[in-house]
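Chain A is the first sequence line, chain B the second, and so forth, proteins listed ahead of strands; every chain is numbered from 1.
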Amino acid sequence: MDFNDTPEEAEFRAEVKAWLAKHAPGHELPPGATLDDADEVARGKAWQRELYDGGYAGILLSKSLGGRGGTIVEAVVFDEEEKKYNLPKGPYIGIGLGMALPVIGKHGTDEQIKKFVEPTLKGELTWCQLFSEPAAGSDLAAVRTRAVKEGDAYVVNGQKVWSSWAHHSDWGILVVRTDPKAVKHKGLTFFVVDMKSPGIEIRPIRQISGASDFNETFLSDVRIPEGDRIGAEGEGWACCMTVLMGERLNQGEEGRIEALMQYAADTPMEGATALDDPAVRLSLATAYAEERAAKYFQARLRTMVSRGENPGALAAMMKLTYASRLQQTSGLAMEIRGMDALAPHEDVIPTRQLWHDYIWSTALRIAGGADEVLRNQISERVLGMPGEMRADKGVPFDELK
Amino acid sequence: MDFNDTPEEAEFRAEVKAWLAKHAPGHELPPGATLDDADEVARGKAWQRELYDGGYAGILLSKSLGGRGGTIVEAVVFDEEEKKYNLPKGPYIGIGLGMALPVIGKHGTDEQIKKFVEPTLKGELTWCQLFSEPAAGSDLAAVRTRAVKEGDAYVVNGQKVWSSWAHHSDWGILVVRTDPKAVKHKGLTFFVVDMKSPGIEIRPIRQISGASDFNETFLSDVRIPEGDRIGAEGEGWACCMTVLMGERLNQGEEGRIEALMQYAADTPMEGATALDDPAVRLSLATAYAEERAAKYFQARLRTMVSRGENPGALAAMMKLTYASRLQQTSGLAMEIRGMDALAPHEDVIPTRQLWHDYIWSTALRIAGGADEVLRNQISERVLGMPGEMRADKGVPFDELK
Amino acid sequence: MNFDLAEEQKMLAEQARGLLGKQSSPDRLRELIDAGAEWDEPLWASLSELGFPGARIPEEYGGLGLGDLDLGVISEEVGRAVAAVPFYASIVCAADAIQRFGSDEQKEAWLPRLACGEVVGTLAHAEGRQGWWPKSSSVSCRAGKLSGVKTPVGDAGIASLAVVYCAYEGKPALALVELDGETVERRKLDGFDQLRAHYALTFKDTPASLLEASVGDEDGLRTLTDRMSVQASFEAVGGAEACVYMARDYAMDRQIFGRSLASYQAIKHKLADILVATEFARSNAFFAGWASDNAPAELAVAAAAVRLSAINAYEQAARENLQVHGGIGYTFEADCHFHYRRERTLAITLGPRQYWADRLVTHVPGKQMETA
Amino acid sequence: MNFDLAEEQKMLAEQARGLLGKQSSPDRLRELIDAGAEWDEPLWASLSELGFPGARIPEEYGGLGLGDLDLGVISEEVGRAVAAVPFYASIVCAADAIQRFGSDEQKEAWLPRLACGEVVGTLAHAEGRQGWWPKSSSVSCRAGKLSGVKTPVGDAGIASLAVVYCAYEGKPALALVELDGETVERRKLDGFDQLRAHYALTFKDTPASLLEASVGDEDGLRTLTDRMSVQASFEAVGGAEACVYMARDYAMDRQIFGRSLASYQAIKHKLADILVATEFARSNAFFAGWASDNAPAELAVAAAAVRLSAINAYEQAARENLQVHGGIGYTFEADCHFHYRRERTLAITLGPRQYWADRLVTHVPGKQMETA
């Protein structure tokens with residue numbers, strides 16, 4: 001066990017530091033700036049291009065696909081160093097690198113790889129994902145959006161939800177039902193779709209936070225050329241698994257609880273501060289212990305990955321705890337500050353961050369595997385307990401109620 | 001809403017107080033005494049006889065059965081006043097009054113009523129229950145103990161567990177399977193059985209507390225006369241429901257958390273006491289708020305019962321919370337006291353009580369409806385949510401795996 | 001012994017629920033948020049017509065002269081609907097303060113107008129980061145003039161009258177202030193609850209009249225907060241129950257993996273636990289409401305107990321209701337968010353858990369401990 | 001970066017687990033309880049043969065000279081088995097105290113005998129209700145004589161040597177005392193943990209030799225408790241994991257309502273949550289073990305964090321393991337109760353959560369707060 005860099009890691013870190021020192025400052029966002037979406041995407045693309053030119057785009061992507069073919073530790077080191085700058089990193093970049101390229105790399109044809117990989121790495125092509133539907137969230141295989149083959153194209157009709165930044169993405173990754181007579185998981189097929197195709201209408205979803213960074217996407221007679229099908233017909237579920245099983249080793253953020261300790265320390269209380277109250281201390285210390293545990297647990301997972309082992313459902317533990325901890329501690333911090341946290345009079349920024357966290361935590365507890373789904377995964381895949389009793393097993397999709 | 005006694009209630013209370021003042025002191029146990037079992041049973045019987053003579057045995061039992069036919073409020077008032085004395089009240093009395101008599105009264109024949117009710121009310125006849133089996137606990141209908149009719153008797157073979165004080169009881173209430181070809185709940189029949197019958201062997205169960213107040217009861221070719229069958233063949237489940245649905249409005253005890261506050265106040269801590277620590281205060285105050293809520297919730301249920309309404313699964317809420325609260329707070333109080341609570345040096349009694357509670361809470365969380373079973377009941381019967389998916393539905397018992 | 005609401009109280013609740021269900025639907029709440037409205041003025045008018053604001057105000061001052069428990073059943077319905085009305089600020093807080101500490105003249109001047117809903121009042125106790133009731137207020141009252149800053153103050157944009165917690169000759173006191181004059185600056189704050197606006201109030205030599213009986217009466221002020229706690233806890237119970245049934249109904253409708261979402265034990269047990277917490281909180285609320293009128297010596301403990309249990313119940317209920325709804329719960333079109341935000345308002349407006357833990361432990365019978 | 005045990009550490013764990021699995025089965029534990037035994041002496045002999053007691057003791061004193069993390073993997077296995085051996089008292093506490101504060105002579109006199117298991121030691125820090133490490137000890141050490149009462153002291157019936165926390169010239173200090181003399185009265189206390197006996201020790205002018213370096217070194221004493229916390233937390237992690245798998249296995253076997261008990265979501269989710277807590281606690285334990293050897297400046301926070309997370313995990317695990325077992329779990333014949341009792345021992349022996357919360361908050365980097 002060693003928390004320090006090996007000599008090779010130290011060398012890589014030094015190289016990265018030096019490169020970032022030279023290239024990152026020019027791309028940094030002004031602190032506290034709120035950009036309009038188009039500006040943000042443009043900056044995100046520019047930084048991705050810089051990464052590409054520097055050889056740091058797609059660190060984990062294999063060399064044969066044009067990536068760096070680096071190790072997980074290199075990716076972590078790069079990430080740690082890159083985070084020291086306030087750089088534009090949006091989902092429009094992340095979905096391409098983390099979801100689209102792995103599935104295209106694994107299930108795509110040579111032409112598809114040629115067409116999509118390099119432009120995505122260069123930041124020229126941005127992506128959104130079109131997976132969830134109103135009646136297919138946790139139960140993703142319940143998608144109803146239909147694709148019917150007509151000649152050398154598929155005609156797609158249906159509705160997708162929770163696609164982030166769909167309105168600023170060039171292409172989407174899409175899963176649809178091509179065979180309603182097959183059982184649920186078997187009738188699905190995977191596509192990439194040009195978001196400028198006729199018949200695609202994107203509507204923002206109004207979120208409880210007030211923001212609208214997620215969309216509903218309506219597909220009406222959208223024609224997708226056969227050449228944009230990824231994998232075979234019926235291979236859609238396997239493609240989804242490739243996407244969803246991608247490394248989720250970056251869940252959670254450190255330093256949150258320290259910030260809350262500071263927030264408590266900045267709150268006067270009976271001649272001292274709220275952080276001097278033993279009950280507050282105990283709550284925050286317990287949360288801090290969990291946050292630290294998550295950090296070291298993540299390090300254990302990364303060590304597994306760096307050895308070629310698959311952490312599988314273990315990775316779900318990170319997200320499960322992070323989302324709950326965020327909800328609990330941001331709610332608690334509001335209580336610690338007291339009425340000023342309902343409507344701050346001055347020094348608004350940290351309180352706004354708490355509001356954001358308290359609201360966003362509800363989305364985190366649902367998206368990318370709801371708490372309950374993750375607990376099922378952990379009990380079934382790590383502890384080997386039986387799966388849920390299912391009423392949809394072996395039943396053709398169009399016979400399900 | 002009124003917490004005070006009505007004039008009638010006040011009158012009844014005054015009458016009870018006077019009667020108890022005259023009769024109870026002679027039956028009180030010496031404080032802190034540990035009696036041997038036989039002595040305890042004898043004293044319990046004597047007190048029950050006193051109650052009978054005073055007209056207070058079976059307050060809730062209908063007059064036609066020889067009870068007082070009183071109201072729930074009268075039962076509560078009597079209970080409150082009786083608790084002020086340290087009287088011998090064992091399960092050998094409670095099971096007879098609370099379980100055996102209601103089921104005999106409802107499902108029994110006139111002869112059975114005549115034979116059992118009065119002696120039980122007088123404390124001459126004590127009872128145990130023979131329901132649970134090693135493979136039939138929460139799932140009581142899974143009992144395997146078999147009864148086969150031979151002439152005018154049933155021959156019973158099987159094993160029962162968790163019968164308390166079986167070794168000091170005269171009779172038992174027993175549920176067994178008479179028809180293994182019927183589906184689970186349908187093949188059961190209810191009996192009363194003389195515990196001195198040949199073929200009954202009682203073995204104490206060694207509990208984790210060190211005590212052995214529960215037994216395993218082995219039945220080998222025990223012959224039960226047809227006349228001791230309660231209700232018809234196949235009516236066993238209905239009889240069980242009569243027993244189990246009896247008023248469970250007395251779950252929980254008050255004053256526990258106040259005692260823990262005192263325990264904390266008796267624990268020195270940095271120039272003050274543990275009760276001055278805000279974290280301790282918050283934990284105990286929260287538990288106290290829950291205990292108070294249970295008290296008033298119970299009062300709401302009693303009000304319902306006094307109006308002839310059936311609180312049904314609402315009553316499960318009392319037990320669910322009481323058991324968990326007992327576990328949490330007794331564990332917490334040990335921590336508050338610190339190492340002295342592991343092995344007290346002096347003033348041993350309150351710490352021993354905590355140990356008892358911390359151990360006993362595990363039994364409470366299981367017996368009479370495990371936490372998980374109670375949550376099912378609440379969600380299904382109060383909230384109207386769907387029942388569990390069952391693999392045993394409609395399947396004859398002998399075809400179940 | 002009878003531990004249930006009286007028939008009249010049940011009717012009162014039904015009446016309030018009927019009106020609020022009709023006039024304060026979730027769609028109406030969305031409309032108000034979209035309009036940036038500070039309150040639902042027509043709803044307040046309807047409630048006033050039925051006499052709800054004056055429920056607890058004595059008949060001699062134009063109210064119905066009902067008790068704390070009666071007011072509680074109304075508070076519960078307001079909480080169930082997350083209604084955008086100043087019931088808490090104007091009635092539970094301001095009117096009660098005047099009723100308890102005001103002179104006959106002050107009562108005559110204000111209670112009838114508060115009772116009929118014509119005037120909205122509020123109680124300004126918090127001072128930003130210094131806390132909800134700072135030990136010594138930085139707002140001073142001298143020679144009939146008030147100066148200093150109170151923040152945040154709920155519903156202060158629509159109130160024309162504020163009861164202000166301040167210091168008078170070094171002692172804690174409450175003073176009455178009219179908000180419409182030029183010497184009061186009202187700054188609307190950006191707030192977490194989209195249906196209850198909060199303001200910072202800056203007073204500069206603002207004419208004020210002391211509530212004489214409040215001066216130096218620390219116990220009396222604590223009793224006032226006890227009474228606020230009881231009513232806000234009823235609000236929380238109403239909100240919590242609304243969440244339980246909203247989640248239950250959604251789960252019953254939603255199919256997942258070929259089964260009703262409501263058939264999953266994770267969902268069933270979650271809602272069972274929250275229902276228990278809610279029913280227990282309601283039981284404490286019933287007692288606290290009863291004690292407030294009938295057993296004042298028990299109020300401190302009862303108010304603390306109900307604060308602790310009601311906020312715990314509503315917190316769980318608001319969070320898990322949204323969770324049961326899944327993605328749809330995260331949209332503005334769903335109804336979960338009203339409760340998710342309002343719950344924090346109630347939790348925090350009612351003061352820190354620690355305050356109530358101290359109050360409870362200090363007042364539990366048989367204990368002789370100091371307040372920490 | 002490599003955040004996994006080294007191969008040698010895994011082998012060490014395997015070796016310990018193999019031996020303990022064979023010699024310290026649940027039936028053996030029942031046998032010991034029935035016999036009223038204070039420890040499993042043959043097991044201690046076997047462990048000693050393999051050098052486990054001496055794992056962290058320097059080679060010059062007859063040990064293996066391994067590190068804190070190595071000791072941790074052994075502690076974890078001791079915890080998994082609820083082994084009735086004085087590993088914690090003698091090695092984690094007493095030997096470490098001598099190693100850190102003793103003179104060369106003291107080390108030479110005792111460490112080799114502790115390392116080979118021939119002598120059992122213990123650390124007497126608590127003083128009844130005054131707490132686990134009272135600020136000023138009531139046991140005084142004067143002119144080589146010790147007087148006063150320490151209680152409770154774990155494994156003091158089988159120990160012949162105690163490191164005693166006492167006051168020397170008004171300063172906190174540790175002193176070495178042999179327990180077999182006539183000036184020490186050992187009273188066995190009735191204790192909660194049936195597999196770890198506790199004693200009250202009364203000293204009357206008992207000959208004692210100070211661990212000189214300990215005198216007045218409050219920081220050093222706190223570091224000693226940090227190191228105890230790390231090892232006891234490893235014990236808790238082992239116990240918690242044992243509970244998770246014991247519950248899992250039972251649930252897989254048990255049929256209820258025609259289905260495997262393990263197929264119920266209430267059981268699945270319960271065990272998933274406890275597994276998460278256990279794996280998280282283990283992660284903190286790994287870091288704390290590593291930091292103890294390699295980054296002493298981080299030890300205080302690491303020890304506090306692992307104490308808080310490991311005890312939470314074991315508490316949940318011990319309680320819910322019994323719950324999953326149902327009625328059978330309440331019998332002496334089942335194996336749940338060993339953990340149910342031992343968990344309390346670890347939780348309480350490790351000192352109050354509040355102590356560790358203070359220690360953590362005080363030492364989190366960038367914070368400059370006082371210990372409360």
Review point. Of all heavy-atom pairs between A:K184 and C:F257, which one has the smallest distance, and what is that distance?
Key: NZ-CA, 3.6 Å
Check your understanding: Who among C:E127, C:Q194, C:H198, C:R254 has the most heavy-atom pairs with chain A under 4.5 Å?
Key -> C:R254
Practice item. Against chain C, work out which of A:T267, A:V280, A:D266 has the most heavy-atom pairs shorter than 4.5 Å and name it. Key: A:D266
**Study point:** Whether over 12 other heavy atoms sit under 6.0 Å from A:K393 NZ
**Key:** no
**Study point:** chain A contact via C:H125 - which portion, at a heavy-atom distance below 4.5 Å
**Key:** side chain
Point to revise | Minimum heavy-atom distance between C:Y340 and A:Q327, given as atom pair plus value | key: OH-NE2, 2.9 Å
Review point. Which answer fits A:N376, side chain, backbone, both or neither, if we ask what part of it has an atom under 4.5 Å from a heavy atom of chain C?
Key: neither
Check your understanding: Among C:A197, C:G128, C:A334, who wins on heavy-atom pairs under 4.5 Å with chain A?
Key -> C:G128
Check your understanding: With only heavy atoms counted, which part of C:Y199 is less than 4.5 Å from chain A, the side chain, the backbone, both or neither?
Key -> neither
Check your understanding: Considering all heavy atoms of both residues, which atom of A:A343 and which atom of C:L189 are nearest to each other, and what is their separation?
Key -> O-CD1, 3.3 Å
Practice item. Dump the intermediate steps for side-chain contact (heavy atoms from CB on, under 4.5 Å) on A:L342 and C:T349, then the final yes or no. Key: CA-CA 8 Å; A:L342 284 180; C:T349 304; 3.6 Å; yes
Check your understanding: Can you tell me if CD1 on C:I328 sees more than 12 non-hydrogen neighbours from other groups inside 6.0 Å?
Key -> no
Check your understanding: What residue in A:S138, A:A279, A:A370 has the most heavy-atom pairs under 4.5 Å with chain C?
Key -> A:S138
Point to revise | C:E343, part contacting chain A, at a heavy-atom distance under 4.5 Å | key: side chain
Check your understanding: Please walk me through it: do C:R353 and A:E335 pass salt bridge (Lys or Arg N to Asp or Glu O under 4.0 Å)?
Key -> CA-CA 8 Å; C:R353 289 173 211 254; A:E335 291 182 39; 2.8 Å; yes
Point to revise | Residue part contacting chain A, namely of C:E315, when any heavy atom lies under 4.5 Å | key: side chain
Exercise for review: Let me know if A:E216 has heavy atoms under 4.5 Å from chain C in its side chain, its backbone, both or neither.
Suggested key: neither
Check your understanding: Which distance, rounded to the nearest 0.5 Å, do you find between the CD of C:Q130 and the NE2 of A:H345?
Key -> 11.5 Å
Check your understanding: Measuring from A:I208:CD1 to C:T331:OG1, what's the distance to the nearest 0.5 Å?
Key -> 8.5 Å
Revision key, fill the gap. Of A:G331, A:A274, A:G210, the largest count of non-hydrogen pairs under 4.5 angstrom with chain C goes to A:G331
**Study point:** C:Q323 CD to A:T362 OG1 distance, which is reported to the nearest 0.5 Å
**Key:** 8.5 Å
Check your understanding: Which one, A:R365, A:E372, A:R375, A:Q207, leads in non-hydrogen pairs under 4.5 Å with chain C?
Key -> A:R365
Practice item. Can you measure from NE2 (C:H337) to OG (A:S209) and round to the nearest 0.5 angstrom? Key: 10.5 Å
Point to revise | Contacting region of A:S361 [heavy-atom separation from chain C under 4.5 Å] | key: side chain
Check your understanding: Can you say whether A:A136 sits under 4.5 Å from chain C via the side chain, the backbone, both, or neither, judging by heavy atoms?
Key -> backbone
Check your understanding: For C:R319 and A:Y358, does a side-chain donor sit closer than 3.5 Å to a side-chain acceptor?
Key -> yes
Practice item. Would you mind telling me which of C:V149, C:D193, C:T151, C:I267 has the largest number of heavy-atom pairs within less than 4.5 Å of chain A? Key: C:T151
**Study point:** Structural part of C:T345 lying under 4.5 Å from a heavy atom of chain A
**Key:** both
Study note, to complete from the structure: Applying a strict 4.5 Å limit to non-hydrogen atoms, the region of A:P134 in contact with chain C is backbone
Point to revise | Derivation of the side-chain contact (heavy atoms from CB on, under 4.5 Å) call for C:D190 and A:W355 | key: CA-CA 11 Å; C:D190 189 23; A:W355 295 354; 4.0 Å; yes
Practice item. Using the salt bridge (Lys or Arg N to Asp or Glu O under 4.0 Å) rule, take A:D139 and C:R259 through it: C-alpha gap first, then chi angles, then the decisive distance, then the call. Key: CA-CA 11 Å; A:D139 182 9; C:R259 288 163 54 183; over 6 Å; no
Review point. If you count heavy-atom pairs under 4.5 Å between each of C:H325, C:Q265, C:R341, C:E333 and chain A, which one has the most?
Key: C:R341
Check your understanding: Side chain, backbone, both or neither: which part of A:W162 has a heavy atom under 4.5 Å from chain C?
Key -> side chain
Exercise for review: Give, as side chain, backbone, both or neither, the part of C:K270 having an atom under 4.5 angstrom from any heavy atom of chain A.
Suggested key: side chain
Point to revise | Nearest atoms (heavy-atom pairs only) where C:A126 meets A:M339 | key: CB-SD, 3.7 Å
**Study point:** Contact origin within A:A363 toward chain C - heavy atom pairs under 4.5 Å
**Key:** both
Exercise for review: Hey, could you give me the CD1/OH distance between A:I205 and C:Y330, rounded to the nearest 0.5 Å?
Suggested key: 10.5 Å
**Study point:** chain C contact via A:M269 - which portion, at a heavy-atom distance below 4.5 Å
**Key:** neither
**Study point:** Heavy-atom contact with chain A under 4.5 Å, split by part of C:R196
**Key:** neither
Review point. Quick one: CE on A:M334 to CZ on C:F192, what's the gap to the nearest 0.5 Å?
Key: 4.5 Å
Exercise for review: Determine the option with the most heavy-atom pairs under 4.5 angstrom with chain C, choosing from A:V395, A:D371, A:I359.
Suggested key: A:I359
